[in-house]
Amino acid sequence: MNDITPLSIQNPQQVTKPGATVPRRYITSVNGVDKLEKTGNTDAIDKPTKMLLELLKSSLNDTPVNEEVFKGANYSDWAALLKVSQESSVSGMALDATEKLPGGTVPKDVEMKMVRIQKESAARHAQQEKIIGEISEMFAKKGIETIQMKGVGFSMEYPEPTNRFGGDIDIFTRKKGTQTIGHSNTYETVDNMITDMGIKVEDKDLKKNKHSEFEYKGVRIENHRYFINKERIPEAGILDEFLHKSINPREKVLPHGTKILVPSKEFNSVFIAHHAFQHYVFGGIDIHHLTDWAAHIKNNGLTLPDEVKGTKFEKFTNAFTNLSNRYLGTNVKAPEDKKFEDEIFNTLLHPEKAETPKEVRDGGPLKVLSYKMTRFIKNSKRAHEYAGDSYTGIFRRALERKIKKPMELFRYK
């Protein structure tokens, strides 16, 4: 594995505050990504949002920017664009495309903040490249293949990989030369290796959980037992079987020369879309999920396996493809359902807020409780309708969590 030194990444903690560890859902000082509980990122598909989407389309396709979209934009518009891009973790892509605009179009301080975010993203990318290389080598010595899903491996689908900010590293491991059925055949071995290093492994003993988690040198690692939420989505079991059969890893060389294994394009056609689907159903979908899908179908087209046909997930994937065509410049045919597409897009632009709104907090604990119950019922209906999650299972899991931490009902988050 190559030694990676850019931007002082030899010490992973330099990306965060000195002496700090990366939280469960990694957030830099200015950039958060891939978290189920997501802060809302805009009030409407207004001018700043249209401006951002135009920049992302230009960045993904290396096409000129439509300058008409930016005419009349004031400082507030650019400040709002910056906020949306930060919260959706696409600022680096947006910055690249602003270079195609006439000089002076972007307010200087906004441009400087975007440059800083882009540098942070590149630093984080280099850090993760170093870590995935390290753990791949470590596990390989035990005869274990490490396949990296999404993240730095998938970032190579982007024109500039370091602009895809990664929150954590998702891995699936197996004995070298084997094919898995139902679950990883080295999942427990990996968890035990990490535990033996003195590192705490979260959710290690949960048998019905798709992954465990641990911190390795400041980076959150998700060690997958299987791929998607088959414990909550009945139809996901068949899709998970397909992912085991189609993963067929291939070697990918990352920007600093590290060689890793990544899944096949057939695997990603289901896994990347289903990751967005899970965020849509359970909360937290945002613009970077759409740019991931756009990057994938731009490079690989859209071919869905028979296992997807007739499912709610197929309906979502077609809608997501059309949103990518409409807003990010891809050109991949899929059946249209404009009402459903608009529903997804509205959710994407208005992700559920992790933090209870100030006006609710000011009303006291009972108002917080009422707000959380209303939100829970709304989310439960969506999980039941689109994922087939049973109401019994939803309420049982919620009850189990609250029995352990009852005061969370009255807290702000």
Problem - Ring centroid separation Phe70 to Trp78 under 6.0 Å - result: yes

Practice task
Check for a donor-acceptor pair, side chain of Asn331 on one end and backbone N or O of Asn325 on the other, with a separation under 3.5 Å.
Solution key: no

Practice task
Answer yes when Lys245 and Glu241 have at least one side-chain N-carboxylate O distance shorter than 4.0 Å, and no when they do not.
Solution key: no

Problem - Test item: side-chain donor near acceptor, Thr49 and Asp46, under 3.5 Å - result: yes

Exercise for the section: Kindly indicate, with the supporting measurements, whether the criterion side-chain contact (heavy atoms from CB on, under 4.5 Å) is fulfilled by Phe139 and Met193. Expected result: CA-CA 9 Å; Phe139 297 149; Met193 287 177 65; 3.7 Å; yes

Practice task
Could you tell me whether a side-chain N or O of Glu341 sits under 3.5 Å from a main-chain N or O of Asp337, the two making a donor and an acceptor?
Solution key: yes

Exercise for the section: Measure up the His279 and His289 rings against each other and bin them: parallel (under 30°), tilted (30 to 60°), perpendicular (over 60°). Expected result: tilted

Problem - Ionic contact status for Glu145 with Lys176, cut-off 4.0 Å - result: no

Problem - NZ/NE/NH1/NH2 to OD/OE distance under 4.0 Å, Glu202 and Arg220 - result: yes

Handout entry: Donor-acceptor pair, side chain of Ser184 and main chain of Phe172, under 3.5 angstrom
Key = no

Exercise for the section: Mind telling me whether Phe340 and Tyr280 have parallel, tilted or perpendicular rings, with 30° and 60° as the class edges? Expected result: perpendicular

Practice task
Could you tell me whether the side chains of His211 and Asp203 share a donor-acceptor contact shorter than 3.5 Å?
Solution key: no

Handout entry: Asn163 and Gln118 side chains, donor-acceptor separation under 3.5 Å
Key = yes

Handout entry: Lys/Arg cation over aromatic Phe271: Lys150, 6.0 Å, 45° cone
Key = no

Problem - N/O donor-acceptor pair under 3.5 Å between Ser121 side chain and Ile117 backbone - result: no

Exercise for the section: Return yes if some donor-acceptor pair links the side-chain N/O of Ser58 with the main-chain N/O of Glu54 below 3.5 Å, else return no. Expected result: no

Problem - His183, NE2 atom: more than 12 neighbouring heavy atoms under 6.0 Å - result: no

Handout entry: Heavy-atom donor-acceptor pair, Thr105 side chain to Leu101 backbone, under 3.5 Å
Key = no

Problem - Check: Glu129 side chain, Thr258 main-chain N or O, donor-acceptor pair, under 3.5 Å - result: yes

Problem - Carboxylate-amine/guanidinium contact Arg124 Glu120, below 4.0 Å - result: no

Exercise for the section: May I ask you to check whether over 12 heavy atoms, not counting those of Lys141, lie within 6.0 Å of atom NZ? Expected result: no

Handout entry: Short side-chain to backbone donor-acceptor contact, Ser136 and Ile132, under 3.5 Å
Key = yes

Problem - Donor-acceptor contact present, side-chain Glu160 to main-chain Thr162, <3.5 Å - result: yes

Exercise for the section: May I ask you to check whether over 12 heavy atoms, not counting those of Asn74, lie within 6.0 Å of atom CG? Expected result: yes

Practice task
Inspect the surroundings of CD1 in Ile238 and state if more than 12 heavy atoms from other residues, nucleotides or ligands are less than 6.0 Å away.
Solution key: no

Exercise for the section: Taking atom types as modelled, find out whether Thr178 and Asn185 have a side-chain donor-acceptor pair closer than 3.5 angstrom. Expected result: yes

Completion exercise
Exactly one of Thr146, Thr186, Thr189 clears side chain to side chain donor-acceptor pair (under 3.5 Å) with Thr173, and that residue is Thr186

Practice task
Compare all side-chain heavy atoms of Pro249 with those of Phe267 and state whether any distance is below 4.5 angstrom.
Solution key: no

Problem - Atom pair CG/CZ of Asn248 and Arg250 - distance to nearest 0.5 Å - result: 10.0 Å

Handout entry: Atom pair CE (Met156) and CG (Leu254), whose distance is rounded to the nearest 0.5 Å
Key = 6.0 Å

Exercise for the section: Examine distances only and state if a side-chain atom of Asn299 and a backbone atom of Ala295 form a donor-acceptor pair shorter than 3.5 Å. Expected result: yes

Handout entry: Note, Ile169 side chain near Val152 side chain (heavy atom, < 4.5 Å)
Key = no

Problem - Thr291 side chain near His288 side chain, heavy-atom distance below 4.5 Å - result: yes

Practice task
For Lys298 and Asn61, test the side chains for any donor-to-acceptor distance below 3.5 angstrom and give the result as yes or no.
Solution key: no

Exercise for the section: Take Leu290 and Leu323 through the side-chain contact (heavy atoms from CB on, under 4.5 Å) test and state the conclusion after the steps. Expected result: CA-CA 8 Å; Leu290 188 61; Leu323 289 176; 4.1 Å; yes

Exercise for the section: Take atom NZ of Lys100 as the centre, draw a 6.0 Å sphere, and report whether it contains more than 12 heavy atoms from other residues, nucleotides or ligands. Expected result: yes

Practice task
With Lys230 as the cation and Tyr226 as the aromatic partner, state whether NZ or CZ is under 6.0 Å from the six-membered ring centre and within 45° of the axis.
Solution key: yes

Practice task
Please report the C-alpha distance between Ser212 and Tyr187 in whole Å, then the side-chain angles of each, then the deciding distance to 0.1 Å, and finally whether the side-chain contact (heavy atoms from CB on, under 4.5 Å) criterion is met.
Solution key: CA-CA 9 Å; Ser212 59; Tyr187 171 86; 3.4 Å; yes

Handout entry: Centroid-centroid distance, Phe227 to His244, less than 6.0 Å
Key = yes

